[in-house]
Structures are given as structure tokens and as C-alpha cells.
Asks: 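Dumping the structure here so I can ask a few things about it.
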Amino acid sequence: MTALAPARPPAPQGRAPGPLLLGVRHHGPGSARGVLAALEAARPEAVLIEGPAEADALVALAADPAMRPPVALLAHAVDDPGRAAFWPFAAFSPEWAAIRWALGRGVPVRFADLPAALTLAAGPARDDGEEHAPGADTAAARIDPLAELARVAGHEDPEQWWEDVVELRGDTDPLAPFEALAEAMTVLRERYGHGGHPRDLVREAHMRLRLRDARKEFGDAVAVVCGAWHVPALARRTTVTADRALLKGLPRTKTELTWVPWTHRRLARRSGYGAGIESPGWYGHLFSAPDRPVERWMTEVAGLLRESDHPVSSADVIEAVRLADALAALRGRPRPGLAETTDAVRAVLCGGSDVPLDLVRDRLVVGDVLGEVPATAPAVPLQRDLDRLQRRLRLRPGAEERALDLDLRGETDAARSRLLHRLRLLGVDWGTPTGGRAGTGTFREPWRLRWEPELHVRVVEAGVWGTTVESAATARAEARALGAGSLGEITALAERCLLAGLTGALPAVLGALADRAALDTDAAHLADALPALARALRYGDVRGTDTAALAAVAAGLAERICVGLPPACAGLGADAAAQMRDRVDAVHAAITLLPDPDLHPTPDPSTPDPSTPAADSPLVARWAGVLRRLVRGERVPGTIRGRAARTLLDEGWLSEEETGRAMGLALSPGTPPADAAAWIDGFAGGPGGGLLLVHDERLLALLDGWLTGVPAEAFTDVLPLLRRTFGGYEAGVRRTLGELVARGPDAAAPGSAALVPGFAADPDEERADGVLPLLHLVLGPEAAP
């Protein structure tokens with residue numbers, strides 16, 4: 001059995017035998033510069049990197065010119081793609097610097113950490129590739145080595161301490177920092193053992209085995225770049241048998257590895273990355289600008305602020321540099337760090353304000369840098385198809401959030417919309433709709449796009465549904481239709497299929513929709529399901545999608561709602577009545593959007609009112625009859641009766657005289673005050689309710705008369721509901737109503753000549769027609785004058 005000799009960092013010339021153990025801090029620019037200097041001095045014949053052992057086959061891709069950090073190794077379980085782990089590398093990561101150094105000189109590079117097959121089989125993985133081992137100590141028992149060293153040194157901030165002793169130093173001896181860190185970590189390991197990370201013992205056993213293999217092949221001219229915490233364990237004398245015993249019997253799973261783009265924002269600790277850093281943009285700057293870093297940083301900050309129309313002069317930049325240097329001297333720091341530069345930026349360049357400073361923190365201190373990987377990197381077929389579509393549609397992923405406004409009348413934008421909707425069906429939320437279609441629908445569709453590294457895992461997971469985005473989304477939609485738990489879920493799925501242009505999935509979705517609709521007798525469920533179908537039928541033609549198959553289903557659904565809604569509204573409590581009122585609004589909007597199915601040519605015989613548009617649309621006529629039944633329903637809650645009356649009045653299906661009569665009955669002395677207040681909330685609440693009272697003084701007089709007659713003991717009970725109703729009006733509407741009421745009941749009586757300034761007694765149709773040319777210009781040829 002062979003054993004490792006104690007690690008002694010060698011001198012540049014005539015060094016003692018033994019591997020070169022370079023303990024680093026992950027993503028530390030000072031460590032990266034130190035690693036490069038040490039490798040140049042030692043010139044090893046092989047380099048071992050802390051990372052999954054299977055990644056040896058992928059390391060050559062790091063030399064590809066198309067590979068631009070930040071990037072990450074992604075490992076996922078073949079049978080469960082959602083079980084995945086990342087090993088990120090930035091340009092200033094010591095491991096990445098060592099990989100590029102070795103590949104540039106033809107030196108073999110190998111990964112020495114525990115294989116991903118063992119890591120993923122052990123338990124849920126974190127972003128740094130470390131898993132939570134069963135039986136591991138709690139987070140409270142784990143120690144942070146840097147925090148412990150900073151505490152011993154008398155520093156409260158580990159980040160600032162690390163900057164002082166490593167990042168901001170310029171040592172002439174390239175190996176001195178590694179000697180000091182190795183000694184410090186040895187003391188910590190002697191005191192804390194595994195430090196609350198029992199899985200580290202298994203990882204370190206595997207790293208020692210890989211180091212032994214490398215020494216057999218290359219001798220002692222081997223350099224190991226790993227976390228400083230592991231250096232004492234790699235230098236410790238152990239036997240091969242003991243190390244293999246720690247690895248024996250560990251569960252394994254079949255895995256696949258590839259390179260994926262990463263982001264600076266994802267490296268930041270605030271994003272949840274356990275081994276991350278608070279300021280990746282700042283660290284990247286320190287690594288790329290070792291000479292005059294403060295001056296260059298202030299110049300970048302000034303450029304960013306000027307782009308945002310914040311005035312910054314050259315004199316401000318000079319003064320900010322001087323202030324940062326002065327603060328560093330006062331605080332006893334070797335050079336200005338992030339704290340000093342931030343204080344100087346706030347005081348000089350931002351005028352003491354944190355508002356522009358937040359922009360600097362977001363865009364520069366953290367940053368939105370997104371890495372790139374070459375096309376030759378391994379990928380699942382679905383990822384290949386997505387890459388092809390992104391190139392064809394000129395829809396490049398980006399780490400920064402950006403707005404995308406699509407015009408669905410254009411072929412390219414329509415294809416982009418279909419791609420984004422298909423990805424959302426697959427759980428790849430690259431884009432999020434920001435409105436437009438949820439209301440009235442339009443040919444413009446706004447999105448917010450941001451590509452996060454985790455989406456690569458979602459793409460791998462979605463790969464089980466198909467090899468292309470379209471086929472995978474189709475299969476996923478069909479499976480969701482079969483497993484849908486409610487009618488509303490299926491109708492929402494049908495709408496999403498139309499938005500995504502998945503005509504292949506529509507037969508299965510519509511079949512499930514028809515079956516569920518036929519069996520569901522709950523009017524509330526039917527009412528929840530109709531709006532999505534109406535939107536799809538009304539606006540699907542903007543995309544050129546054939547929606548004829550949905551028309552019959554939607555028409556049948558609407559007919560069943562017309563039959564079942566009045567009984568479903570009877571005897572409801574206050575909360576249920578408010579929900580049903582919202583459903584009445586949604587159903588009304590949906591029915592007015594539905595195309596005439598030419599079904600049921602005879603309107604509801606219970607509504608022979610001439611104002612009902614029976615000749616125009618039998619379905620609309622039937623719905624108008626339902627609203628009339630709700631207005632007259634004795635057991636229907638007041639909020640629903642009031643909203644039905646308001647809807648009939650807005651559509652012109654109920655005359656002003658009938659509306660006044662309905663309000664008079666609802667506010668009669670025999671009506672309980674709470675029910676009357678609910679009727680008012682349904683009738684006058686919501687958009688336009690205040691303007692209705694402003695322009696119809698007869699209704700306002702009825703309301704005022706009822707309100708003044710409410711008994712004192714009942715007024716307290718109805719006040720919250722009335723306050724909610726009138727509190728929702730715009731300030732101008734409330735002011736006008738107050739002026740009308742202040743004139744007294746005589747001025748507001750029916751037939752009074754008192755009018756709001758600017759309004760006539762009757763509408764002036766000729767003046768109203770004057771707005772049509774403007775609407776034609778704004779809305780285009782769809783709105784002919």
C-alpha cells in the first residue's frame with residue numbers, strides 16, 4: 001500500500017518532492033492570479049481540478065474560442081433529469097484559470113472530485129455540486145472557514161478580511177499565500193474535523209485516490225487546485241484501502257454531463273447559490289484590471305450613470321478615486337475595496353442618493369453577464385432544436401430582463417410567440433406575458449424575457465416528451481388534458497394550445513373538454529371555463545389558427561350556463577355571492593365575444609322584451625333573458641341582482657325607466673338595509689359605476705333618498721360595504737357626486753334642469769360621431785369611420 005507524503009509547497013526552483021496543493025477560494029480573483037503565478041513557477045506535468053470526475057471528457061471544450069465564461073458543468077440523472085447539479089466557473093475562478101493555463105500548454109487536466117453518479121444518487125444537490133447527505137449535521141453545526149479565520153483575525157466581515165489578505169495584495173512570492181492558507185486550514189481541520197460537512201470525508205477520499213493515480217502516471221509534478229478546506233485532507237497520510245472503504249457501497253445513478261451558460265447574477269449569494277459571492281461583477285473587474293483597478297472602476301461607473309442621464313463629470317471621477325483612497329487609508333486597508341469604492345460612488349457620483357447607487361450595484365457590482373458554450377457541447381435533442389429556433393427567430397437568450405413586444409400579424413413575431421408559449425407549456429419559463437391578452441385581446445403581445453441557468457435543467461426534463469419543441473409541447477399538452485382535475489384547467493389548456501399553435505394537441509384536448517363538460521353540472525365550473533374559450537375563439541384568428549373545432553364546444557357550454565346559472569345564484573352567502581357576481585361579469589364578456597353559432601334560433605320565451613337583440617344573436621338574446629331573471633329573482637343576492645341590472649342597462653337591453661323601477665324596488669323601505677347596500681354595490685360598484693350616477697341624476701336621487709332614510713342602527717352595518725363601493729371611484733367622480741348631492745334633493749330630482757357643467761340633458765350624436773376619424777387613425781383599418 002502506498003501513502004501520500006506531507007504536502008510541502010515547493011519553491012520555484014529545486015522544490016522538494018510532492019504534489020503542489022493549491023488551496024483556493026472558489027470564484028476568488030486573487031486566488032486565480034495566485035494559481036496562475038504558482039503554475040508558471042512550478043510548471044507541473046498534470047493538473048487536477050476539484051470537480052466531477054466524469055467531466056474529464058468535456059475539459060477540452062474549455063479551450064474552444066466559443067466558450068466564454070461564466071459557464072457551468074451540468075450533471076443530471078438520466079432517469080430523472082430534474083435531479084441535477086451545477087459546478088459553475090467564472091473567468092476569475094481559480095479552477096477555470098488553471099484549466100485554461102493547462103490546455104494552453106498541452107498539460108493534461110483531470111477532475112478529481114466525487115463522480116456526479118455518486119453525488120446525484122446521494123441526495124438533493126445544491127448548485128455547487130455538494131449534496132445533503134442523509135444524517136448530516138444541521139446547518140447550525142456547519143462552519144464557514146473564512147468566517148472563522150476572519151473572527152480570529154479580529155474582523156467581523158469575512159468578505160472584507162478576504163479582500164485585505166488575498167484579493168488586494170500583490171505578493172512577490174507566488175506560493176506564499178497558499179502556504180499560509182494551508183497552515184490555517186490545517187489548524188481548523190484539527191479543531192473542527194469535517195466542520196459539519198460529513199460528506200467531505202467521502203469526497204476527499206476520492207480526491208486522494210485520483211491524486212495517487214496521477215502521481216503514478218506523472219510522478220510528483222502534479223498540481224491540485226481545490227478548495228483550501230480540502231488541502232489538509234489531501235496532504236494527510238492514508239492508505240488506499242481506507243480510502244476505498246469510504247467509497248464502498250455508495251449508491252450510483254446513470255448521469256450525463258455537459259457545459260451550460262451561467263450568469264454573474266446566479267453566482268451572487270443573494271440568488272441562493274451556496275458557494276457564491278456577493279459581488280461577481282466587482283471580482284471580475286479585479287481580475288481583468290489588476291493595474292489601477294479603482295480608477296478603471298470609477299470610469300465604468302461614470303459611464304453607466306451617464307447612460308442613465310445622471311450627470312457625472314471627469315472631475316467627479318477624480319474626486320471619487322481620491323475619496324476611495326483616503327477611506328482605505330483611514331480604515332487601514334492595503335487598497336480600496338468594494339466598501340470604499342461604494343462609499344465614494346454614493347458620496348461623489350450619486351450625490352448621496354441610493355437610487356442611482358442601486359443601479360450601479362445591479363449592473364456592475366453583480367452584473368448581467370451571460371456565458372456561452374460552443375455548439376459542439378453535448379446536449380439533448382430538445383436543446384438542439386431550441387438552439388436552432390433561437391437562431392432562426394433571432395431570439396437570443398440574455399441574462400438581463402428585457403421587454404419584447406410582439407406584433408402577431410408578422411410571421412416572425414407570430415413564430416416567436418408560438419415558441420415562447422410552447423416553452424411555457426413545457427415548464428421552461430424563459431418568457432412571461434405581461435398583459436394585453438388577459439383583457440380584451442389584441443394583435444400585440446408584450447413579454448418579459450430572462451434566461452436563467454436553471455432553464456437548461458427544465459429543457460433536459462422536458463426532453464422526455466419529444467425531440468423537438470413542437471412535438472414535446474404537443475405530447476405534454478395531451479398528457480395534461482388526460483390528467484386535468486377540473487373543467488377550467490382543460491379550457492385554460494385549450495387556450496394555451498391555440499396560443500402555442502399546437503393543432504396536433506387540440507383533438508385530445510377538445511375530446512377531454514367535451515367529455516368533462518358533458519359530465520360537469522356545476523354552473524360555477526362551467527362559468528369559470530367559458531372565458532378562456534371565448535378569448536381563444538375571438539382572437540385566435542390573429543395567429544391564423546383554425547378555431548372552428550372550439551365553436552361548438554363553447555356554444556354548448558354557454559347554453560348550459562344560461563340554463564344552470566339562475567338556480568345556482570339562489571340562496572348564496574355574501575362571499576359566495578361576490579364570487580358569483582364576478583363570474584356573471586366574466587360570462588357576459590365571454591358571450592359577447594363568442595361568434596354566433598347559429599344555434600337555438602328562437603330566443604328564451606321568458607324574455608319577449610323588444611329591447612333584447614334576439615334578431616342579432618340567439619345566444620346573446622338568451623343571455624339577456626338570464627340577466628333579467630337574475631334581476632327579478634327574489635332569492636338571488638342583492639349584489640348579483642344589482643350587477644345584472646347594471647349590465648342590462650350598459651348594453652341598452654334595459655331602459656332607464658325600467659332601471660329606475662328596479663332600483664326603486666331594491667331600495668324600498670321593506671328591503672333590509674344590508675340587502676339594499678349589496679344591490680348598490682353590485683349596480684354602482686366597479687368601473688363606470690360612479691359615472692353612471694353622475695350622468696343619471698334620477699338614479700342618484702333614488703340612491704340619496706334611500707341613504708338618508710336608513711335607520712341609524714342599521715347605517716353602521718351597511719357603511720363598510722358602501723364605503724368600499726364609493727371608495728373605488730376616481731377622485732374626480734367622487735368630487736362631482738359630492739357637488740350634486742350638496743345642491744340638495746330638489747336640484748337632483750328627476751327632470752331637474754340642474755346639470756353637471758359640460759353635459760347636456762340628452763346625448764349629442766353628431767358631436768359623438770366626431771371621434772370616429774381619430775379612432776380610425778389610432779386603431780387602424782379595423783375601426784372604419
Side-chain angles (χ1 to χ4, degrees), residues 27-30 68-70 90-92 157 159-160 163-164 167-168 262-271 276-331 333-372 396-405 434 446 448-452:
H27 316 309
R68 299 178 182 177
F92 51 84
D157 187 353
E159 291 289 332
Q160 181 175 325
E163 278 195 351
D164 288 348
E167 305 301 340
L168 303 180
W262 204 252
T263 67
H264 273 183
R265 192 173 302 278
R266 194 67 181 86
L267 284 170
R269 178 171 289 127
R270 68 178 184 180
S271 69
I277 53 179
E278 294 178 347
S279 50
W282 166 251
Y283 272 16
H285 171 78
L286 291 180
F287 184 72
S288 61
D291 62 315
R292 305 175 70 87
V294 178
E295 291 85 345
R296 297 179 185 275
W297 179 258
M298 294 299 180
T299 303
E300 289 186 33
V301 172
L304 174 63
L305 294 177
R306 287 167 182 165
E307 290 176 1
S308 303
D309 297 328
H310 190 82
V312 177
S313 67
S314 299
D316 291 333
V317 175
I318 295 172
E319 185 60 30
V321 173
R322 289 175 177 173
L323 179 57
D325 289 335
L327 290 173
L330 287 172
R331 296 170 181 176
R333 307 196 66 183
R335 285 191 299 176
L338 181 59
E340 288 70 35
T341 57
T342 299
D343 290 343
V345 167
R346 178 192 289 110
V348 180
L349 304 185
C350 298
S353 173
D354 281 342
V355 175
L357 185 63
D358 288 340
L359 176 66
V360 174
R361 286 177 175 143
D362 184 67
R363 298 282 295 277
L364 292 182
V365 176
V366 176
D368 284 320
V369 179
L370 175 65
E372 298 181 12
R396 185 182 181 86
E400 71 284 357
E401 185 177 280
R402 65 187 181 97
L404 180 67
D405 190 14
T434 58
R448 300 294 296 180
L449 302 184
R450 170 178 281 181
W451 185 268
E452 298 285 359

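Heavy-atom basis, side chains included; hydrogens, waters and symmetry copies ignored. Note that the structure is a prediction, hence the values are computed from the model and not measured.
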Asks: Holding to salt bridge (charged side-chain N to carboxylate O under 4.0 Å, His left out), I want the full list of residues that pass it with E400, two or more places apart in sequence or in another chain.
Replies: none
Asks: Nearest 0.5 angstrom please: E401 CD to E452 CD, how far?
Replies: 9.5 Å
Asks: For D309, enumerate each residue passing the salt bridge (charged side-chain N to carboxylate O under 4.0 Å, His left out) test, keeping only those at least two apart in sequence or located in another chain.
Replies: none
Asks: Taking ring-ring contact (aromatic ring centres under 6.0 Å, His included) as the test, write out the residues that go with Y283, two or more places apart.
Replies: none
Asks: Could you work out, with side chain to side chain donor-acceptor pair (under 3.5 Å) as the rule, every residue matching R292, not counting sequence neighbours?
Replies: none
Asks: Please, which pairs that meet side-chain hydrogen bond (donor to acceptor under 3.5 Å, both in side chains) have at least one residue in residues 318-330, sequence neighbours excluded?
Replies: none
Asks: Check side chain to side chain donor-acceptor pair (under 3.5 Å) between H285 and all other residues, then give those that pass, not counting sequence neighbours.
Replies: E300
Asks: Do you know the tightest heavy-atom contact between A328 and R335?
Replies: CB-C, 3.8 Å
Asks: Mind checking side-chain contact (heavy atoms from CB on, under 4.5 Å) for P356 and listing every partner two or more places apart, or none if nothing turns up?
Replies: L305, H310, C350, S353
Asks: Write down the atom of L267, the atom of P280, and the distance for their closest heavy-atom approach.
Replies: CB-CB, 4.2 Å
Asks: Any idea which heavy atoms bring R450 and A399 closest together, and the distance?
Replies: NE-O, 3.2 Å
Asks: If I compare all heavy atoms of L404 with all of L449, which pair ends up nearest, and what's the gap?
Replies: CD2-CD1, 3.6 Å
Asks: Shortest non-hydrogen contact from A324 to E340?
Replies: O-CB, 3.9 Å
Asks: Compare every heavy atom of A339 with every heavy atom of R333, then report the nearest pair and how far apart it is.
Replies: NH1-CB, 4.3 Å
Asks: Got P70 and R266 here, is their nearest side-chain heavy-atom distance under 4.5 Å?
Replies: no
Asks: Report the distance from atom CG of D368 to atom CZ of R402, rounding to the nearest 0.5 Å.
Replies: 12.5 Å
Asks: At what distance, to the nearest 0.5 angstrom, does CG of L323 lie from OG1 of T341?
Replies: 10.5 Å
Asks: Report the residues that fulfil side-chain contact (heavy atoms from CB on, under 4.5 Å) with D157, sequence neighbours left out, ordered by chain and then residue number.
Replies: E159, Q160
Asks: For a side chain to side chain contact (heavy atoms under 4.5 Å, CB included) check, start with the C-alpha distance between L349 and M298, then their side-chain angles and the critical distance, and finish with the verdict.
Replies: CA-CA 9 Å; L349 304 185; M298 294 299 180; 4.3 Å; yes
Asks: Who pairs with A91 by side-chain contact (heavy atoms from CB on, under 4.5 Å), at least two apart in sequence or on another chain?
Replies: P69
Asks: S288: what forms a side-chain contact (heavy atoms from CB on, under 4.5 Å) with it, not counting sequence neighbours?
Replies: none
Asks: Please test L364 against W297 for side chain to side chain contact (heavy atoms under 4.5 Å, CB included), starting from the C-alpha separation and ending with a verdict.
Replies: CA-CA 9 Å; L364 292 182; W297 179 258; 3.7 Å; yes
Asks: Taking side chain as C-beta onward, heavy atoms only, is R265 less than 4.5 Å from D362?
Replies: yes
Asks: Evaluate side chain to side chain contact (heavy atoms under 4.5 Å, CB included) for L286 paired with F92, printing each intermediate quantity in order.
Replies: CA-CA 9 Å; L286 291 180; F92 51 84; over 6 Å; no
Asks: According to salt bridge (charged side-chain N to carboxylate O under 4.0 Å, His left out), who are the partners of R346, at least two apart in sequence or on a separate chain?
Replies: D343, D354
Asks: What is the distance from atom CD of E372 to atom CZ of R68, rounded to the nearest 0.5 Å?
Replies: 5.0 Å
Asks: Can you name the residues that form a salt bridge (charged side-chain N to carboxylate O under 4.0 Å, His left out) with R296, not counting sequence neighbours?
Replies: D291
